[in-house]
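Proteins get letters first, then strands, A, B, ... in listed order; numbering begins at 1 in each.
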Protein chains: 2
Amino acid sequence: MNGKAPNTPERPRSLEARIQEHLSELPSSERKLAELILDFPGELSAYNATELAKLAGVSKAAASRLFKRLGFANFEEARRLVRDIKQWGSPIYLHERQQDSSPLPSESQSFLSDHVAALTRTFEQLDEEDIEAALHRIVEARRIWLVGFRNSYFMAAYARWQFIQFRRQVHLLPHAGETFGEHVTEFGEDDLLIAVGMRRRVPELARVMHAAHERGVPVLYLTDSLSSDKKPVATWTLSCDISSSFLFHTYVGPMGLIHYLSVQAVRLAGKSGRVRLEDIEIAHEQVRDFD
Amino acid sequence: MNGKAPNTPERPRSLEARIQEHLSELPSSERKLAELILDFPGELSAYNATELAKLAGVSKAAASRLFKRLGFANFEEARRLVRDIKQWGSPIYLHERQQDSSPLPSESQSFLSDHVAALTRTFEQLDEEDIEAALHRIVEARRIWLVGFRNSYFMAAYARWQFIQFRRQVHLLPHAGETFGEHVTEFGEDDLLIAVGMRRRVPELARVMHAAHERGVPVLYLTDSLSSDKKPVATWTLSCDISSSFLFHTYVGPMGLIHYLSVQAVRLAGKSGRVRLEDIEIAHEQVRDFD
DNA sequence: CCGGCCATGAAATTGAAATTTCAGGGCCGG
DNA sequence: CCGGCCCTGAAATTTCAATTTCATGGCCGG
């Protein structure tokens with residue numbers, strides 16, 4: 001029994017920190033593994049000890065010993081630490097960050113790149129044909145109905161705000177427990193329904209879309225790219241990427257898309273004479289006046 | 001038993017794709033788990049089947065069955081697929097899409113870079129101290145009131161949706177012509193008011209903020225960096241860059257900021273014991289209650 | 001050249017996670 | 001109301017990774 005007294009207060013330091021601390025005193029085979037970990041490219045916690053050992057070219061025993069020596073009860077504990085730090089943020093980062101030099105910068109940096117990635121993927125996968133067709137309808141429809149539940153509600157609200165900058169008759173369907181009946185029966189052939197349905201969707205959404213479809217109302221469906229391919233009936237479908245490596249999804253993708261639709265719709269409306277110059281002023285209003 | 005003819009070319013579809021394909025025919029308990037996976041924000045392969053089952057609130061048996069049904073030999077195979085695909089970057093379907101659809105109409109490219117620029121500037125100018133302080137209050141406040149008018153309304157709605165994922169008593173003040181009087185008188189010292197005021201602001205906003213201030217309620221003010229410097233009274237101010245070279249402002253910055261606040265608040269709440277790990281389920285709740 | 005010390009990996013052992021089994025129970029069609 | 005069908009989670013079983021043991025061999029001081 002190696003009488004290694006674990007009198008350390010056992011506060012959670014990051015795995016890398018622990019390795020640095022012990023690096024000099026590690027035997028060769030364990031050090032090989034430790035160095036592998038230090039410049040490991042991917043998500044360490046997605047691998048198991050056996051694989052890591054193989055990658056480093058050492059025996060499983062060495063791996064086991066290494067994590068013990070680093071102060072973990074076992075490999076599983078180490079893996080969990082790595083995983084949770086990623087998901088929950090290092091408690092250290094938030095509290096003891098006076099010590100380390102580059103504390104949050106890098107953290108918020110990774111949020112930024114997460115958003116940028118989502119945006120990029122969203123714009124990459126846009127279907128220009130559907131967009132083109134939808135834009136025409138957005139401009140020409142007599143009335144536009146917008147619907148979105150739960151997390152999709154605010155995007156519908158955003159879209160409405162944008163659209164009323166350049167046209168009339170843009171209605172946001174109520175989202176509370178209220179019934180849609182009265183609105184749905186109002187749907188007319190010249191209308192357009194824009195349904196925002198990011199995960200996770202509720203059955204109501206499909207019902208409204210279906211109702212519109214039955215009445216011959218075209219449906220523009222904004223969804224996320226992970227959604228099922230047995231999509232609800234929709235005339236045009238535009239998907240966004242909302243994936244993020246943090247706890248919550250990111251909606252910068254949909255925001256970018258709606259912004260894009262808005263700008264292009266105004267252009268189109270202007271071209272077709274449906275927006276007169278003075279109407280565009282409305283749009284500019286928010287830009288210009290500083291009050 | 002498994003009548004699944006394995007003559008399928010078995011090209012590696014992403015886990016998500018496989019789930020989509022089978023989603024409709026999955027029994028409820030397996031579907032619950034499948035939904036959890038589709039919504040899973042983090043690194044799936046860092047979790048084991050037992051943990052996933054627990055998060056989804058189903059038995060380990062269900063998890064085991066699910067992966068079998070999706071065509072994997074066992075859970076381990078699925079985990080490895082996820083891990084390796086991640087390593088390779090984007091999932092297959094993104095790749096295929098990229099090929100045929102024209103690279104990027106340069107026009108939408110410039111929208112993209114506009115958004116990215118706004119996001120970057122937003123994250124660059126974040127005041128970490130204010131954020132830190134605001135986060136604590138977000139976690140500890142008894143009640144949170146959110147207010148936003150016009151174009152700011154949907155951001156307040158988004159923030160509310162995020163915050164109710166991990167805490168109670170988050171209220172979105174009505175935005176219609178309704179009077180705030182009744183709500184404002186309710187403001188208590190333990191509360192927090194979050195005011196979203198992107199240009200162009202209306203006088204009501206300053207009034208509500210002022211009312212809160214008078215009652216000793218701290219105010220977190222989310223605004224845009226172009227706002228006039230005669231700011232309303234606010235305890236903490238966080239500004240975003242919303243400028244865009246197109247007709248409308250872009251709100252990806254505020255969205256990123258709110259996302260950031262949400263994730264960090266959950267982390268903080270977890271540390272202070274206000275959200276225990278198993279309460280992540282709240283966040284994943286949206287996954288579960290679909291029947 | 002010996003003898004203590006220690007690192008090492010193969011192999012045995014342990015132990016946790018995954019799978020399978022099984023009894024209970026809901027649902028549906030007859 | 002019955003009977004088959006299938007889903008379900010608890011528990012038994014199996015599987016396989018992780019740990020421990022142990023024989024070997026290198027290194028160094030005497």
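- A straight line from CZ of B:Arg69 to P of C:dT19 spans 14 Å, rounded to a whole angstrom.
- Atom pair B:Lys54:NZ and D:dG9:P shows a separation of 15 Å (rounding to whole Å applied).
- Nucleotide D:dA18 holds its P atom 4 Å from the CG atom of A:Asn48, rounded to whole Å.
- Ring geometry for B:Phe154 versus A:Phe154: interplanar angle under 30°, hence parallel rather than tilted (30 to 60°).
- Atom CZ of A:Arg80 is separated from atom P of C:dA16 by 12 Å (rounded to the nearest Å).
- Within the 4.0 Å cut-off from OP1 or OP2 of D:dT8, at least one side-chain nitrogen or oxygen of B:Ser28 is found.
- Taking the nucleotide of DNA chain D with the nearest heavy atom to each of B:Glu30 and A:Asn74, the more 5' of the two is matched to B:Glu30.
- For B:Ala49, the listed nucleotide lying nearest its side chain is C:dA18; candidates were C:dA18, D:dT19, C:dT19.
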Step by step, would you call A:Thr250 with A:His115 a side-chain hydrogen bond (donor to acceptor under 3.5 Å, both in side chains)?
CA-CA 7 Å; A:Thr250 169; A:His115 293 304; 2.8 Å; yes
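- If you take CD of A:Glu76 and P of C:dA17, they are 6 Å apart, rounded to a whole angstrom.
- A:Phe187 and A:Trp145 have tilted rings, their planes meeting at an angle from 30° to 60° on a 0 to 90° scale.
- Across the protein-nucleic acid pair, A:Phe75 atom CZ and C:dA16 atom P stand 15 Å apart, rounded to whole Å.
- If you check every strand for non-hydrogen atoms under 4.0 Å, B:Ala61 touches a base.
- Protein atom CD of A:Glu77 is 13 Å distant from nucleotide atom P of C:dA17, rounded to whole Å.
- Using the six-membered ring where Trp is involved, A:Phe246 and B:His259 have ring planes that are perpendicular, over 60° apart on the 30 and 60° scheme.
- With hydrogens and angles left out, the side-chain atoms of A:Ser225 and A:Arg121 include no donor and acceptor closer than 3.5 Å.
- Nucleotide D:dA17 holds its C1' atom 11 Å from the CZ atom of B:Arg79, rounded to whole Å.
- Regarding contacts with the backbone of C:dA16, every side-chain N or O of B:Thr50 stays at 4.0 angstrom or more from both OP1 and OP2.
- When heavy atoms are screened at a 4.0 angstrom cut-off, A:Ser29 is found touching the sugar-phosphate backbone but no base atom.
- Taking only side-chain nitrogens and oxygens, B:Lys68 comes nearer than 4.0 Å to OP1 or OP2 of C:dT20.
- Closest approach to the B:Ser64 side chain among D:dT19, D:dG9, C:dT19 is made by C:dT19 (side chain taken as heavy atoms from C-beta onward).
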